[in-house]
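What you see is a predicted model, and the numbers here were worked out from it, not measured in a lab. Below, read A as the first sequence line, B as the second, and so on, with proteins coming before strands; counting in each chain starts at 1. Any value given below was found using the heavy atoms of this structure, including those in side chains, with hydrogens, waters and symmetry copies removed.
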Amino acid sequence: MVPVSQETGQGASSIHEVLERVCRVMHIAEGFLPPAHAIAWGVASAPFVVHGVRSLTREVREHPESTLLLGASGAFTFVLSALKLPSVTGSCSHPTGTGLGAILFRPPIMAVLGTITLLFQALLLAHGGLTTLGANVFSMAIVGPWAGYGVYRLLRRWDVPLMVTVFFGAFVADLSTYCVTSVQLALAFPDPSSGFLGALGKFGSIFAVTQIPLAVSEGLLTVIVMRLLVQSSKGELTRLGVLLTRSGERKQEAVAR
Amino acid sequence: MSRNARINALLLLAVAALAVLPLVLGLGDHKEEPFAGADAEAETAITEIEPDYEPWFSPLYEPPSGEIESALFALQAALGAGVLAYYFGLRRGRRQGEQRAVAAAEAAAAPRDTPEGD
């Protein structure tokens with residue numbers, strides 16, 4: 001890697017500056033997790049992706065009409081993870097777009113769609129990497145969708161309006177992805193003096209500031225797409241349980257009692 | 001403009017504002033390289049925390065220049081946007097087709113019901 005050896009000489013003045021640079025990375029770069037970490041994250045991610053492939057094939061077999069919407073969810077992730085946006089910290093990062101698919105089709109299916117996006121970026125763009133694919137899949141395609149979906153379900157249970165739940169679902173999916181990335185980096189590269197927790201604290205604090213405006217953008221974009229879906233695909237959303245029919249609501253209440 | 005379209009436009013405007021404000025306010029001015037791409041710098045940073053760390057694997061394919069890389073990123077966004085546009089276009093077309101079919105069926109049935117109709 002030529003750019004690395006060229007730029008190392010310049011040196012960063014403080015550890016804070018160094019950490020700030022690492023934190024801006026969305027996907028961990030190729031070869032930048034020690035082999036043991038890379039293998040461990042790969043092993044952790046594999047079952048989720050396998051399970052996701054099975055739920056994806058089941059969904060397509062049972063509801064062939066949902067293939068189009070599945071494609072659209074994957075496409076949303078493609079668009080958003082290609083959008084590098086400036087943030088208030090003066091650096092660029094990009095959203096993940098995994099919240100929408102997780103809300104529509106549940107997180108396991110998003111594990112597959114997110115992995116496809118990450119593979120595309122790793123193979124064609126040298127963004128992320130094959131050796132770090134496991135770690136990146138874990139943060140963006142597994143933890144992000146599950147966290148976002150969890151918040152979405154929780155808020156729905158409290159009768160929060162649909163679009164508000166969608167916003168916070170997408171917001172949390174985006175932000176939690178970056179939190180996991182910072183944990184992964186802190187585990188692999190603990191601070192020489194304060195160790196893992198010190199590195200995590202620094203990573204986390206900088207992450208939050210850089211990523212919050214982008215997570216807000218992602219939430220708003222997801223709300224726009226969901227609004228368009230509500231206009232165009234009522235039947236599909238009702239079948240997926242995102243839109244509740246009157247009788248469905250009553251049924252749910254009955255179940256709750 | 002319908003109320004729906006106006007809300008969507010406002011949401012888009014908010015996203016655009018979130019992206020443009022950091023640039024307008026010059027929030028990147030304190031940096032040597034404001035709003036830089038993160039990857040290469042992050043790689044440098046890790047080698048600075050752990051000077052002995054050697055990346056043990058390099059990408060199979062690396063875009064030869066920044067221009068090619070941004071072209072590939074644009075390709076990724078275009079692919080996604082294309083599929084999304086196809087989806088919404090198809091939905092809209094189907095809805096219009098259904099409405100037209102219903103209207104045509106009603107028009108075909110109507111003349112027989114009205115007394116003045118032949």
Between [X] and [Y], is any pair of side-chain heavy atoms under 4.5 Å apart?
| X | Y | result |
| --- | --- | --- |
| A/M163 | B/L11 | no |
| B/R91 | A/E236 | yes |
| A/L229 | B/F88 | yes |

Does atom CZ of A/R239 have more than 12 heavy-atom neighbours from other groups under 6.0 Å away? yes
More than 12 foreign heavy atoms under 6.0 Å from CZ of A/F196: is that the case here? yes
Taking atom [atom1] of [X] and atom [atom2] of [Y], what is their separation to the nearest 0.5 Å?
| X | Y | atom1 | atom2 | result |
| --- | --- | --- | --- | --- |
| A/L228 | B/L84 | CG | CG | 9.5 Å |
| B/L75 | A/L125 | CG | CG | 8.5 Å |
| A/K84 | B/S70 | NZ | OG | 8.5 Å |

Give, as side chain, backbone, both or neither, the part of B/R95 having an atom under 4.5 angstrom from any heavy atom of chain A. side chain
Does any heavy atom of chain A fall under 4.5 Å from the side chain of B/I68, the backbone, both, or neither of them?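 Contact with chain A is absent: no heavy atom of B/I68 under 4.5 Å.
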How far apart are the C-alpha atoms of B/V83 and A/F78, what are their side-chain angles, what is the distance that settles it, and do they pass the side-chain contact (heavy atoms from CB on, under 4.5 Å) test? CA-CA 10 Å; B/V83 172; A/F78 250 62; over 6 Å; no
Residues in residues 96-106 of chain B near chain A [non-hydrogen atoms, under 4.5 Å]: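 The stretch does not come within 4.5 Å of chain A.
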Would you name the heavy atoms of [X] and [Y] that are closest together and state the gap between them?
| X | Y | answer |
| --- | --- | --- |
| A/P213 | B/L18 | O-CD1, 3.8 Å |
| B/P22 | A/P86 | CG-O, 3.9 Å |
| A/I224 | B/N8 | CD1-O, 4.0 Å |
| A/S217 | B/V15 | O-CG2, 3.9 Å |
| A/V79 | B/A77 | CG2-O, 3.6 Å |

Let me know if [X] has heavy atoms under 4.5 Å from chain B in its side chain, its backbone, both or neither.
| X | value |
| --- | --- |
| A/L85 | side chain |
| A/L68 | both |
| A/E218 | neither |
| A/L69 | both |
| A/F76 | both |

Below 4.5 Å, heavy-atom pairs only: which of A/A122, A/G129, A/P34, A/A38 has the largest tally toward chain B?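 Max contact count across the listed options: A/P34.
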Decide yes or no on side-chain hydrogen bond (donor to acceptor under 3.5 Å, both in side chains) for B/Y87 and A/S232, but give the supporting numbers first. CA-CA 10 Å; B/Y87 177 84; A/S232 70; 5.1 Å; no
Candidate pair A/S81 and B/Q76, rule side-chain hydrogen bond (donor to acceptor under 3.5 Å, both in side chains), full reasoning: CA-CA 9 Å; A/S81 56; B/Q76 184 189 336; 3.3 Å; yes
With chain A, which of B/G80, B/A16, B/G82 has the greatest number of heavy-atom pairs at distances under 4.5 Å?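 Sorted descending by pairs with chain A, the first entry is B/G80.
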Once salt bridge (charged side-chain N to carboxylate O under 4.0 Å, His left out) is applied, do any residues pair with B/R94, and if so which ones, sequence neighbours excluded?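 Here no residue qualifies.
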